[in-house]
Amino acid sequence: MRKKSIDWPDRLTVILIGVILSLIVFITLYPLLFVLFASFSDGDQLLAHRGLLWKSLGFNISAYTRALANPAIWSGYKNTITLVLGGVMLNLSLTILGAYVLSRRNVLWNKMLMIFVVVSMFFSGGMIPFYLVIKQLGMMNTLWALLLPFSIKTFHLIIMRTAFLSLPPSLEEAAQIDGAGHWTMLLRVVIPLSMPVITVIVLYTAVDKWNMWFFPSMFIQDRTLYPLQLVLREILIYSQTDTISSGAATGEAYKLGETIKYATIIIATLPVLLVYPFLQRFFVKGALVGSIKG
Amino acid sequence: MTMKKPASYLLMIIALLPVLLINACSNTGSSPEPAVSQEPSASAQNANNMASTYPLQTDQTLSYWLLSPSTLNASIYEVPFYEEWQKRIGVNLKFSEISASQAKESFSTMLASGNLPDIIEYNWLNGLPGGPEKALSEGYILRLNDLIDQHAPNLKKYLQEHPELDKLIKTDNGDYYVFPFLKEGGMTQQWSGPVLRKDWLTELGLQVPQTIEDWHTVLTAFKSHKGSTLPLALGSQTHPLQGFLDGAFIGAFGVIRDFYVEDDGLVRYGPLEPGYKQFLSTIRQWYAEGLIDPNFTQTDRKALDAHMTSSDAGATVASGAAIDRWEQALTATNADAVFTFAPYPVLNKGDKPKFGQFAWPYGAEASAAIAATSTNPVLAVQVLDYAYGEEGYLLFNYGKEGLSYNLNDGKPELTELITHNPDNLSYLEALSIYTHTVNPGPYIESRELIDNLAVTNEDHNYDVWKTDNLQHVLPPMTISEADSSEYARIINDINTLVDEISLKIILGTESLDAYDNLVKQLERLNIKRAIEIQQSAFDRFKQR
Amino acid sequence: MKFNSRHLIDLNKGKSNKVRKRTAPSIKKSRFTLDFSRNKTLYLMALPVVGYYLVFFYWPMYGAVIAFQNYSPMKGIWGSDWVGLDHFVHFMNGHYFWRLIRNTLMLSLYSLLFGFTAPIILALLLNEVRNRFLKNFLQTVSYLPYFISLIVVCELIRVFTESGSPINLLYSYLSGSSGQDMLQQPNLFRSIYVSSEIWQQSGWESIIYLAALTGIDPKQYEAARIDGAGRLRQIVSITLPGLAPTIIIMLILRLGHLLEVSYEKIILLYNPVNYETADVISTYVYRKGLIDNDWSFSSAVGLFNSLINLTVLVLANAISRKFSGKSLW
């Protein structure tokens with residue numbers, strides 16, 4: 001008797017949880033499925049359609065051929081990949097250096113340096129002065145403007161420092177007794193022991209660079225240097241799928257333009273979505289660095 | 001990719017500091033008077049009022065900032081016109097092409113940096129809060145009087161022949177600040193207005209509407225009998241209220257969403273006048289009745305094209321060129337589907353429309369100024385002056401002889417490359433590749449060319465669009481330097497507020513009472529002072 | 001320059017547990033020269049980092065003096081006229097001041113209220129899934145939106161809220177409204193902003209809670225089961241209390257960033273019709289500076305925003321120190 005009275009609400013709870021989770025899965029995935037269906041749809045039918053899509057309306061890959069024929073997509077990819085690779089190398093080296101210095105325990109300036117660094121997280125000169133500096137450095141319209149000014153994210157620096165600090169001091173003391181200098185210590189002891197946190201910073205930086213659009217829109221005017229996100233913005237937000245569409249084909253171009261938009265989203269998002277499940281465990285570690293085991 | 005070694009930046013930072021210091025110190029209080037006295041090598045041989053011989057003999061390169069022209073080709077370097085132009089003038093131009101969607105931001109950041117290209121093509125009249133006087137006094141651009149006098153014989157001659165234009169392109173002080181975009185009249189000045197589907201009107205037995213009431217009847221009929229989902233489509237590529245900015249519909253109530261002059265010579269601000277409230281209440285009602293495109297605030301060019309070339313929309317406000325394009329697309333499937341121009345609507349039958357699209361012959365939208373920091377202003381002047389000579393006129397309007405036009409009895413005639421393009425480009429597209437015509441810029445736009453290109457017949461009668469616009473809209477006048485900062489600040493706040501409240505009232509998110517509140521807020525934002533400033537600018541303009 | 005609260009737990013714990021303990025006994029040499037000669041390499045290593053901060057943070061900070069000037073680029077920072085606090089006064093007396101403050105606050109509060117609780121609920125739900133494979137699948141799905149770029153997310157928002165779109169149809173059906181584009185309705189902006197935040201972030205942010213949940217001793221559940229507690233009961237009396245410390249830390253950290261609103265997202269979504277609820281201080285800074293060319297004014301507003309943020313942070317930190325003994329510095 002007693003057992004049953006427990007079972008019922010229990011089963012109800014389980015069912016409820018199941019329903020809610022299924023709903024969450026649907027809400028999370030559906031927008032992407034919608035884009036996928038729309039990208040293969042027929043422009044005409046898509047424009048006339050209202051509400052949800054359950055399959056592609058008609059089947060048409062011309063949007064993909066058109067989107068892939070857009071040279072801006074390719075140059076965007078090229079620039080973004082340059083940014084991601086360059087950004088990862090630059091950010092990683094500077095962050096490791098900074099974190100190492102800040103994690104030394106018997107240095108005179110350490111505390112001051114920490115304040116010097118942390119202030120930047122909470123206070124900044126603002127958009128215009130920042131822009132003026134970049135311009136004065138002559139970096140405008142080069143990819144350097146997207147790399148150097150963002151080469152340390154204070155927050156990453158602090159994560160890294162925390163991780164370095166958490167290494168057992170005995171290891172370093174031992175190395176010091178063996179006569180190892182700072183470089184040896186950094187390269188032989190600290191870095192090899194901190195691979196998890198380093199992977200995490202690499203991934204965070206890569207995501208940051210991949211998503212960058214605001215500063216590129218301020219610093220880059222040459223369209224051949226546009227990173228992918230800016231190209232996307234032109235296509236999506238300003239619907240510049242074609243600059244001029246010819247006489248008889250005006251309406252046609254609009255209809256196709258709609259599907260090109262979706263095809264472009266797929267082309268620009270798919271690679272990341274395909275890669276991330278494999279990197280997922282690193283990211284998960286990232287969110288946890290220092291918090292569980294230190 | 002232009003990547004330098006990071007180390008070089010560190011060096012540069014160190015190296016730059018003294019330069020910056022010196023720059024900053026030496027520039028204080030400098031007046032924007034150009035260094036005309038110094039004679040750059042390129043122009044040494046033709047300095048004294050002599051026409052420059054093109055191509056100019058120079059190895060110098062000038063930087064040129066402009067908005068990306070609308071053309072089929074991805075980059076300006078792939079447009080044959082720009083190649084030909086550089087060949088003719090003999091000067092290499094290094095273009096910075098700015099995407100139109102980023103124009104304001106790019107312009108602002110370019111100015112803020114104080115590091116300007118030699119030639120900047122922009123709307124120097126309205127694009128910079130404070131206008132040309134401010135641009136001159138801040139030292140962004142050069143006062144061009146002496147330079148034009150000595151090195152720009154073509155423009156000088158043209159302005160001497162057209163004193164009425166000369167008056168428009170100067171500031172009140174008589175300063176020239178740009179090489180202007182000039183229009184020869186006809187359709188170069190007046191090209192757009194209300195338009196409806198003629199076949200629908202005929203089918204429903206309706207006349208071309210003239211009054212606001214007629215329009216209401218027609219649009220309602222379109223909706224109920226033709227199943228039109230958005231009887232009146234309105235574009236909004238440049239501004240959410242774009243469809244009304246030229247004076248269509250709003251003009252019937254005797255106002256526009258801007259400053260204008262009444263017959264008494266006094267400047268008014270449209271949104272403060274009672275007519276503006278009537279306008280809002282009418283359009284709000286139309287919107288609620290489903291007569292206007294529900295997404296009219298976000299209709300880009302493509303969406304408008306789609307509405308007009310389908311049976312969604314029955315009327316809009318558009319340029320003749322766009323209408324020709326749509327008609328071509330429509331008639332391909334339905335021979336009867338044609339458009340007819342309608343006069344700008346009025347309140348009472350027989351009234352003469354007060355406002356409507358009718359541009360001043362000086363189009364400020366893309367006129368070229370020369371940066372005060374340019375190291376070679378004389379060369380820049382010579383480069384720009386080319387367009388105003390006979391040869392330049394032909395190049396900019398008709399393109400290259402033998403390619404896009406031929407001379408017939410001394411008159412240019414477009415070739416089949418333009419009129420019947422082998423790649424099936426429309427004439428506008430073809431022109432955008434071989435000439436400058438489709439895009440505004442520092443040259444004289446040929447009336448004959450444009451008038452001949454457009455389709456004209458009894459339904460496409462540009463005279464139907466005639467209004468008293470030029471007697472009421474403000475001329476290309478300039479705010480005085482002393483007022484410019486104050487004006488800029490007032491008008492920025494006011495523009496945001498007026499657009500916001502107007503849109504909300506039309507869309508029904510606010511009641512019509514919000515208008516009275518708007519008037520109060522405008523007064524608080526010191527609209528009176530802005531009107532005063534405009535009035536004095538207008539009075540000074542009349543004195544020119 | 002914005003950073004996310006979700007990471008701060010690391011910082012916080014690390015600092016509170018270790019840094020303090022370890023930095024305390026560090027020997028302070030009174031003489032700089034001695035320190036320098038001992039740690040030459042270290043100073044060399046610090047050089048690029050210090051250089052970076054000097055050039056890209058402190059130089060612009062110095063440039064922020066244009067907030068007290070009428071900055072004219074041709075005259076430069078040294079040559080422009082000084083106007084003192086004029087721009088600040090103008091801003092605070094300005095027509096939009098209270099609206100900007102209100103919108104910034106409201107968006108932050110909404111995000112805090114809903115954006116903060118969503119990942120906790122999600123973690124609780126996921127924790128109830130016993131099947132390992134299913135749980136993995138669910139987690140992978142829930143992180144997915146985090147990897148979609150902001151540009152694309154905003155386009156999705158637009159596609160799904162315009163008239164005739166699925167969400168719009170649903171909303172009009174439920175509310176009986178006319179089906180107008182939802183981004184054109186100022187009263188909906190906050191909901192759109194916050195729910196899209198939840199869509200994109202909560203899966204990712206739930207990681208931290210899920211991790212904390214693994215730390216709960218399974219024996220507690222067993223004991224509860226033997227006592228006859230149902231699942232719901234277990235959640236309330238074991239899972240939630242087990243999560244509480246993490247929740248508190250995250251909450252305090254989040255409070256420190258109360259007034260930071262993602263202007264990048266708003267810029268991509270707002271329009272004159274929804275300015276009333278969408279326009280926040282940072283977007284105003286952007287518009288004033290980059291569209292109206294009012295650089296000095298824009299800098300003044302930006303500076304104002306920075307100051308407020310700093311104040312809130314210090315306050316939050318003080319509260320945190322008082323109630324949990326944890327502090328950012």
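Here the structure is a predicted model, which is why all the values come from computation and not from measurement. Every chain is numbered from 1, with letters handed out A, B, ... down the list of sequences. Any value given below was found using the heavy atoms of this structure, including those in side chains, with hydrogens, waters and symmetry copies removed.
Side chains of A:Leu21 and C:Leu126 form a contact here, defined as non-hydrogen atoms less than 4.5 Å apart. Counting heavy atoms from C-beta on, the side chains of C:Leu268 and A:Trp213 come closer than 4.5 Å. Looking at A:Phe123 and C:Asn309, their side chains never come closer than 4.5 Å, going by heavy atoms from C-beta outward. Considering only heavy atoms from C-beta on, A:Val119 stays 4.5 Å or farther from C:Phe57 through its side chain. Residues A:Leu137 and C:Val55 are in side-chain contact: their nearest non-hydrogen atoms beyond the backbone lie under 4.5 Å apart. Looking at heavy atoms from C-beta onward, A:Pro129 lies in side-chain contact with C:Ser299 at the 4.5 angstrom threshold. A 4.5 Å side-chain heavy-atom check between A:Val101 and C:Tyr43 finds every atom pair outside the cut-off. Looking at C:Leu290 and A:Ile128, their side chains come closer than 4.5 Å, going by heavy atoms from C-beta outward.
The contact between C:Leu144 and chain A is made by backbone and side chain atoms together, counting heavy-atom distances below 4.5 Å. If you measure heavy-atom distances from A:Leu273 to chain C, the contacts under 4.5 Å come from the side chain alone. Of the atoms belonging to C:Glu128, it is side-chain heavy atoms, and not backbone ones, that fall under 4.5 Å from chain A. Heavy-atom distances place no part of C:Val65 under 4.5 Å from chain A, backbone and side chain included. Heavy atoms of C:Val129 lying under 4.5 Å from chain A belong exclusively to its side chain. For C:Ile66, the part sitting under 4.5 Å from any heavy atom of chain A is the side chain, from C-beta outward, and nothing else. Looking at C:Leu54, both its backbone and its side chain come within 4.5 Å of chain A, counting heavy atoms on both sides. Of the atoms belonging to C:Ile167, not a single heavy atom falls under 4.5 Å from chain A. Contact of A:Ile20 with chain C is made through the side chain alone, with heavy-atom distances under 4.5 Å. Of the atoms belonging to C:Leu42, heavy atoms from both backbone and side chain fall under 4.5 Å from chain A.
Looking only at distances, no side-chain donor or acceptor of A:Trp183 sits under 3.5 Å from a matching main-chain atom of C:Thr41.
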*Could you walk me through whether A:Lys261 and C:Glu155 pass the salt bridge (Lys or Arg N to Asp or Glu O under 4.0 Å) test, one step at a time?*
CA-CA 10 Å; A:Lys261 194 167 87 176; C:Glu155 180 61 23; 3.1 Å; yes
*List the steps, then state whether side-chain hydrogen bond (donor to acceptor under 3.5 Å, both in side chains) holds for C:Thr140 with A:Tyr276.*
CA-CA 9 Å; C:Thr140 307; A:Tyr276 104 87; 5.4 Å; no
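Between C:Trp204 and A:Tyr204, the ring planes lie perpendicular to each other; the angle is over 60°, past the 30° to 60° tilted range.
Between the CD1 atom in A:Ile24 and the CG atom in C:Leu138 there is a gap of 8.5 Å [rounded to 0.5 Å].
Shown here for A:Thr28 and C:Pro145, the closest heavy-atom pair between the two residues is CG2-CG, 3.3 Å. Contact record, C:Val49 with A:Ile152: CG1-CD1, 3.8 Å, taken as the closest heavy-atom pair. Contact detail for A:Gly125 and C:Ala64: the closest heavy-atom pair is O-CB, 3.5 Å. Minimum heavy-atom separation, C:Pro166 to A:Phe34: CG-CE1, 4.4 Å. Closest heavy-atom contact between C:Tyr52 and A:Pro149: OH-O, 2.8 Å. When all heavy atoms of A:Ile115 and C:Tyr58 are compared, the pair lying nearest together is O-OH, 4.4 Å.
When ring centroids are compared, C:Tyr286 and A:Phe214 come within the 6.0 Å threshold. The distance between the ring centers of C:Phe56 and A:Phe150 does not fall below 6.0 angstrom.
Taking C:Ala46, C:Gly215, C:Ser282, C:Gly164 one by one and counting their heavy-atom pairs under 4.5 Å with chain A, the maximum is reached by C:Gly164.
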